[in-house]
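Please read the structure below before turning to the comments.
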Protein chains: 2
Amino acid sequence: MPLPQTEAPGRLQAELMSRGLRMTHQRRTILSVVETAKQHLDASQILRRARKLDPQVDRVTVYRTLKLLKRHGLVDELDLMHMQGEKHFYERRPQRDHIHMACLRCGKITEFESDLFDRLKGQIQRDCQFHIVVTRLEIGGYCAQCRSASKQ
Amino acid sequence: MPLPQTEAPGRLQAELMSRGLRMTHQRRTILSVVETAKQHLDASQILRRARKLDPQVDRVTVYRTLKLLKRHGLVDELDLMHMQGEKHFYERRPQRDHIHMACLRCGKITEFESDLFDRLKGQIQRDCQFHIVVTRLEIGGYCAQCRSASKQ
DNA sequence: TTCCTGTTGATATCGAGTTGCAATTATAGC
DNA sequence: GCTATAATTGCAACTCGATATCAACAGGAA
């Protein structure tokens, strides 16, 4: 019995299709996982979730699909300061770049947008004649909660 | 015949000793490699250079020493946008944080300091109540040379 | 010089990611 | 709706950076 294909195509899927890429069942599954993720997932987490939807999906296909999405600028790859080994995390590329802050004590990841960051990128493009394609600003430190907790 | 131990101890070595850490021959060798590096080196390059000074130095000791230096905030670990596989690169932590720009075409790494970056960090500390320990801003794109080369 | 503890090296191992290749399948053209 | 074909997939073996274990060793305080 075929799975119900009633859900809306999703932005990632529409993007890939408009670029003339084949839309396989596996890709649809992986894209839906990435698209609906509410946190930063690594490749093995994406695989696990994809397998729940379609047990046939292979590790290799996840890696290949992530590489494809990255190459097309549809997802960003994060390291999150290597706080969890050498894992890489993925998120849909947002409209506006943001900064990732990782608390070295509790591990919480916070996101932050800033005009200053946008201006900094503008300065770099101008002063260095460097055409920016992708940025990654990750900050390690201690979040407000952990700071006040350690003061007591 | 013992190697001449006449060279000045070096800042890294002095730092580690002042923190009460044992100064072994291997550590001295690895520190001198890191300290005199004129480019960003990965672990295997550091090993190769260390072995030229002391063929006894083991891979494992290089990894352990780098981890130690990182933990003490004496070196920074860079990914350089993963342009060369999963290698990590190391550099002595500078007085003032800088940005790394990686050209996606020629691979050149450029460094850049900016008041805006310093102000951005200040904003984050203030607005997010986040105590910054380490930052990493890496930018991928196309350098001036490659941009003008591709226009012809 | 001695002793104790931190450090090292050899080996095995881990885990993320990749490669080669035969089998499968999406899709364009009829 | 078929068919052809080129892209995609799954499997297995593999690469490579990094880590764990543990016995042997050595820095440095007393």
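We name chains A, B, ... by the order of the sequence lines, and we start the count at 1 in each one.
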Please report, rounded to the nearest Å, how far the P atom of C:dG15 is from the CG atom of A:L47. 15 Å

Calculate, to the nearest 0.5 Å, the distance between atoms CD1 and NE2 belonging to A:I139 and A:H100 respectively. 11.0 Å

Using modelled atom types only, decide if a donor and an acceptor are shared between the side chain of A:E35 and the backbone of A:G10 within a distance under 3.5 Å. no

Where the side chain of A:E91 meets the backbone of A:D76, is there a donor-acceptor pair that is under 3.5 Å apart? no

B:K87 and B:Q45: side-chain donor and acceptor closer than 3.5 Å? no

Can you list the residues that meet the ring-ring contact (aromatic ring centres under 6.0 Å, His included) rule with B:H88, with sequence neighbours excluded? A:H82

Has B:Q56 got more than 12 heavy atoms of other residues, nucleotides or ligands less than 6.0 Å from its CD? no

Hey, can you pull the residues of residues 60-72 of chain A with a non-hydrogen atom under 4.0 angstrom from DNA chain D? A:V60, A:T61, A:R64

Is the shortest distance from a Lys or Arg side-chain nitrogen in B:R136 or B:D79 to a carboxylate oxygen in the other one below 4.0 Å? yes

Rounded to whole angstrom units, what separation is found between the CZ atom of B:R51 and the P atom of C:dT8? 14 Å

CZ of B:R59 versus C1' of C:dC14: gap in Å, rounded? 12 Å

To the nearest angstrom, the NZ-C1' distance between B:K87 and C:dA16 comes to 15 Å

Rounded to 10°, tell me the angle between the two end axes of the helix from C:dT1-D:dA30 to C:dC30-D:dG1, each built from five pairs. 40°

Show the numbers, then the answer: is there a salt bridge (charged side-chain N to carboxylate O under 4.0 Å, His left out) between B:D42 and B:R48? CA-CA 10 Å; B:D42 64 27; B:R48 220 174 306 134; 5.6 Å; no

For salt bridge (charged side-chain N to carboxylate O under 4.0 Å, His left out), just list the numbers for A:R11 and A:E15, CA-CA rounded to whole Å, side-chain angles, deciding distance to a tenth of an Å, and then say yes or no. CA-CA 6 Å; A:R11 244 197 42 235; A:E15 270 294 335; 5.7 Å; no

Protein-nucleotide distance (A:Q45, atom CD; C:dA16, atom P), rounded to Å: 10 Å

Those residues that, when tested against A:E77, pass salt bridge (charged side-chain N to carboxylate O under 4.0 Å, His left out) (two or more places apart): A:K70

Do any N or O atoms from the side chain of A:R96 and from the backbone of A:E113 form a donor-acceptor pair under 3.5 angstrom? no

Backbone N or O of B:H72 within a donor-acceptor pair of the B:R19 side chain at under 3.5 Å? yes

Going 5' to 3' through nucleotides 25-30 of chain C and flagging B where a protein heavy-atom sits under 4.0 Å of the base, S where only the sugar-phosphate is that close, and - otherwise, we get BBS---

Going 5' to 3' along DNA chain D, which are the first and last nucleotides with any atom under 4.0 Å from a heavy atom of chain B? D:dG17 to D:dG28

Nearest-Å distance, CG (B:D58) to P (C:dA12)? 14 Å

Between the side chain of A:R119 and the main-chain N/O of B:L116, is any donor-acceptor distance below 3.5 Å? no

Here the distance between atom P of C:dT24 and atom CZ of A:R27, to the nearest Å, is 19 Å

